[in-house]
There are 2 protein chains.
Amino acid sequence: MKNAPDKRERLTDAAAVLIHRQGFAHTTLADIAVASNVALGSVYYYFKTKDDVAKAILNRRQSEISQTLEEIDQLPDSRKRLEALVNIWVSDRDIDARYGCPIGSLCYELAKGRGPLSSEASEPFRTLLAWCEKQFRLLGKSKQKAAAFALHMVASLQGISLIANALGEPDTILSEAKFLSDWLRNV
Amino acid sequence: MKNAPDKRERLTDAAAVLIHRQGFAHTTLADIAVASNVALGSVYYYFKTKDDVAKAILNRRQSEISQTLEEIDQLPDSRKRLEALVNIWVSDRDIDARYGCPIGSLCYELAKGRGPLSSEASEPFRTLLAWCEKQFRLLGKSKQKAAAFALHMVASLQGISLIANALGEPDTILSEAKFLSDWLRNV
DNA sequence: GTCTATATGGAGATAGAC
DNA sequence: GTCTATCTCCATATAGAC
């Protein structure tokens with residue numbers, strides 16, 4: 001029976017924040033336990049291993065993206081929808097400059113020295129790419145063009161997060177967002 | 001006196017390769033020592049701490065970039081020079097898809113849970129950005145435009161390395177390179 | 001300068017009472 | 001389900017002979 005059915009959620013919440021800020025390697029299960037007001041030993045009731053925590057976060061990110069894209073899908077114009085995606089990066093520029101993109105930085109870290117975690121890690125990107133591709137298709141682009149444009153879009157956003165983080169300059173995200181918006185208007 | 005004046009170089013060589021493949025966190029000094037045919041204890045004669053190894057690699061990357069850009073600078077046309085930069089990513093697409101960009105992935109990892117290592121980490125990017133900006137200036141762009149274009153260029157290359165790595169698909173780099181080359185022709 | 005041996009601390013994971 | 005206490009491993013770093 002579950003007296004605290006949301007405890008796994010709370011743990012995942014805390015883990016997502018801490019791991020975004022400190023990275024997966026530097027975040028201990030003790031850190032997560034403390035931040036969640038849970039005893040260290042209890043963590044293992046909800047997660048068999050530390051890698052399982054990473055999986056939970058990845059799934060969480062996947063859900064967040066799907067939900068965000070659904071909201072954006074309410075906009076009537078696909079060009080506006082793509083711009084809305086760019087504007088998310090604008091809104092998050094301070095936190096992204098400090099800690100990197102929550103998805104990109106985690107995927108990059110988890111990809112190292114590790115075998116089978118790639119599927120979970122690639123899923124958020126596949127979702128994002130498929131959605132962008134659809135928008136470009138709606139703008140009349142060929143399947144090939146749409147795929148290339150989607151790739152360019154997501155790569156630019158991921159890349160600028162990395163650069164902004166390396167330089168510690170949120171304004172670089174502003175600059176790139178402006179560039180992408182201009183591009184979208186003429187595409 | 002140094003009987004093996006290049007031993008520090010050998011250690012840095014091995015460390016650069018191993019850390020690119022396995023990440024900084026998962027690469028032990030013992031790994032590096034073995035790969036260099038050096039006793040573990042001897043590593044500390046050349047590097048005070050593990051972080052010092054990271055610094056050495058960052059400096060190494062910085063040198064590599066400077067050298068590469070100098071070579072590219074031999075080309076007579078700045079548009080061709082920018083394309084040459086893109087083509088480096090094409091050449092390295094298999095290794096980048098497997099392990100990520102040697103610079104970007106390392107910077108992203110080192111940025112987490114760490115204070116003063118940022119200066120070394122940002123230097124390669126500053127060099128790359130300044131060089132690209134110069135090329136766009138030579139193409140007649142305003143200072144502002146040139147800076148924005150340089151940012152877009154480097155972000156795209158970094159981002160596509162991350163995506164290619166997450167998806168395990170080198171061909172995405174090919175696609176993005178084609179996109180950037182087209183863009184450069186019309187810019 | 002180079003080595004072997006070892007100290008030290010930290011983090012993942014488990015045991016078992018409640 | 002939740003806790004405290006603890007096991008165990010492993011990686012950084014040091015000591016000190018050669």
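Just so you know, these numbers use all the heavy atoms, side chains as well, and skip hydrogens, waters and symmetry mates. Here is the naming used below: chain letters follow the sequence lines, and residue numbers restart at 1 for every chain.
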**Request:** Among residues two or more places apart or on two chains, list those pairs meeting side chain to side chain donor-acceptor pair (under 3.5 Å) that have a residue in residues 32-42 of chain A.
**Result:** none
**Geometric cation-pi criterion A:Lys50 and A:Phe24, 6.0 Å radius, 45° cone** = yes
**Length of the line joining A:Phe47:CZ and C:dT14:C1', which is rounded to integer Å** = 18 Å
**Message:** Whole angstroms only, please: what is the CG-P distance between A:Asn37 and D:dT2?
**Reply:** 13 Å
**Message:** Checking one residue: A:Tyr99. Which other hydrophobic residues are in its cluster under the side-chain 4.5 Å linking rule?
**Reply:** A:Ile95
**Fill in**
Sorted by chain and number, sequence neighbours left out, side-chain hydrogen bond (donor to acceptor under 3.5 Å, both in side chains) with B:Asp92 holds for none
**Request:** Output all residues satisfying side-chain hydrogen bond (donor to acceptor under 3.5 Å, both in side chains) with A:Thr172, sequence neighbours left out; order by chain, then residue number.
**Result:** none
**Asked** In whole angstroms, how far is the C1' atom of C:dA13 from the OH atom of A:Tyr46?
**Response** 18 Å
Every protein N/O within reach of nucleotides 12-16 of chain D N/O, cut-off under 3.5 Å:
unit_1: D:dT12; atom_1: OP1; unit_2: B:Lys50; atom_2: NZ; d: 3.0
unit_1: D:dT12; atom_1: OP2; unit_2: B:Leu29; atom_2: N; d: 3.0
unit_1: D:dA13; atom_1: OP2; unit_2: B:Lys50; atom_2: N; d: 2.9
unit_1: D:dA13; atom_1: N7; unit_2: B:Tyr44; atom_2: OH; d: 3.4

**Request:** Can you sort out the partners of A:Thr127 under side-chain hydrogen bond (donor to acceptor under 3.5 Å, both in side chains), two or more places apart, ordered by chain and number?
**Result:** A:Gln62
**Item:** Selection residues 74-87 of chain A - residue pairs positive for side chain to side chain donor-acceptor pair (under 3.5 Å), sequence neighbours left out
**Value:** A:Arg81-A:Gln135
**Fill in**
note: A:His26, atom NE2; C:dG12, atom P; distance rounded to Å ~ 12 Å
**Message:** With the threshold set at under 4.0 Å for non-hydrogen atoms, list the residues of residues 12-20 of chain A touching DNA chain C in residue-number order.
**Reply:** none
**Selection from D:dC3, D:dT2, C:dT2 that lies nearest to any side-chain heavy atom of A:Tyr45** = D:dT2
**Request:** For A:His152, enumerate each residue passing the side-chain hydrogen bond (donor to acceptor under 3.5 Å, both in side chains) test, keeping only those at least two apart in sequence or located in another chain.
**Result:** B:His152, B:Glu176
